[in-house]
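In what follows, a structure is listed as structure tokens, so that the remarks can point back to it.
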Amino acid sequence: MYIVFEGIDGAGKSTQINLLKYWLTENGFDVEKVVEPTDSEVGKLIREMLQRSDATTDKVQKALGLLFAADRMLIMDKLNDDSKVILSDRSFISSLAYQKPVEWIKQINKYAKEPDLVLLLDMDVKTSVNRCSKDDVFENEEFLKEVRTNYLELVGDFNHAVIDATNGLNKVSIDIKKAVAPYMGICPDCIR
Ligand code: TYD
């Protein structure tokens with residue numbers, strides 16, 4: 001099972017992944033968490049490049065698109081481990097939402113693993129920007145508005161749930177568990 005968390009920055013993905021990991025582990029599943037960009041050499045380069053003031057320009061976005069795709073290839077073995085539940089903080093769907101053009105991004109991610117379930121932690125851009133540390137060039141309203149719109153359209157191609165991430169931490173966590181439960185043979189009505 002490969003479950004992917006997506007959403008604009010500040011939606012609370014990492015906190016919610018940890019909560020879901022704890023709950024699934026308690027329910028007897030072998031769970032592994034992965035994060036994109038990874039801590040590989042390519043991932044480190046990506047994090048450096050994200051600090052550039054020109055990171056949203058076309059040329060840097062294209063370079064980043066290629067790097068994100070390369071970074072992703074380095075964790076393919078992990079993602080293909082069928083004995084585990086893999087919870088991923090982002091996936092190639094982030095590239096489809098953040099980088100462009102979308103058809104080219106699809107091509108360069110042709111070997112990326114398809115998720116079994118996408119959890120889109122959705123929130124309005126204003127709340128997201130207020131929650132962010134603002135040290136990332138992608139964390140500007142105009143850019144994130146486009147990314148949010150892209151996400152809402154893109155998830156239609158996958159098994160997905162759109163989770164309202166503006167609710168409190170506990171409500172969001174329950175909504176996520178209810179979305180995941182049917183895939184794990186757990187009764188969704190038993191979750192509170
Ligand atoms: P992330 O680590 O989630 O952000 P942070 O640690 O700053 O909260 O991701 C770093 C940034 O990279 C984030 O703004 C989203 C962006 N990103 C892409 O543009 N394309 C991608 O394919 C991925 C995986 C991330």
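In listed order, ligands and their atoms are each counted from 1.
Between Leu121 and Ala11, the closest heavy-atom pair is O-CB, 3.5 Å.
At a 3.5 angstrom cut-off on N or O pairs, Ser91 does not count as close to ligand 1. Backbone and side-chain nitrogen or oxygen atoms of Lys13 are examined, and none is located within less than 3.5 angstrom of a nitrogen or oxygen of ligand 1. At least one N or O atom of Asp9, backbone or side chain, sits closer than 3.5 Å to an N or O atom of ligand 1.
Residue nearest to atom 17 (N) of ligand 1, selected from Phe5, Phe92, Phe68: Phe68 (by heavy-atom distance). Comparing heavy-atom distances from atom 19 (O) of ligand 1 across Glu6, Arg90, Gln99, Arg47 singles out Gln99 as nearest.
Taking every heavy atom of Leu50 and a limit of under 4.0 angstrom, the matching atoms of ligand 1 come to 10 (C), 11 (C), 12 (O).
Ion pairing between Asp122 and Arg148 holds under the 4.0 Å rule for side-chain N and carboxylate O. Between Glu146 and Lys100, at least one side-chain nitrogen of the basic residue sits less than 4.0 Å from a carboxylate oxygen of the acidic one, meeting the salt-bridge criterion. A salt bridge links Arg52 with Asp54: at least one charged nitrogen is closer than 4.0 Å to a carboxylate oxygen.
Heavy atoms of Leu64 found under 4.0 angstrom from ligand 1: none, in either backbone or side chain.
Here Met184 contributes atom CE and Leu117 contributes atom CG; the two are 10.0 Å apart, rounded to the nearest 0.5 Å. Separating the OH atom in Tyr98 from the CG atom in Asp9 is a distance of 3.5 Å, to the nearest 0.5 Å.
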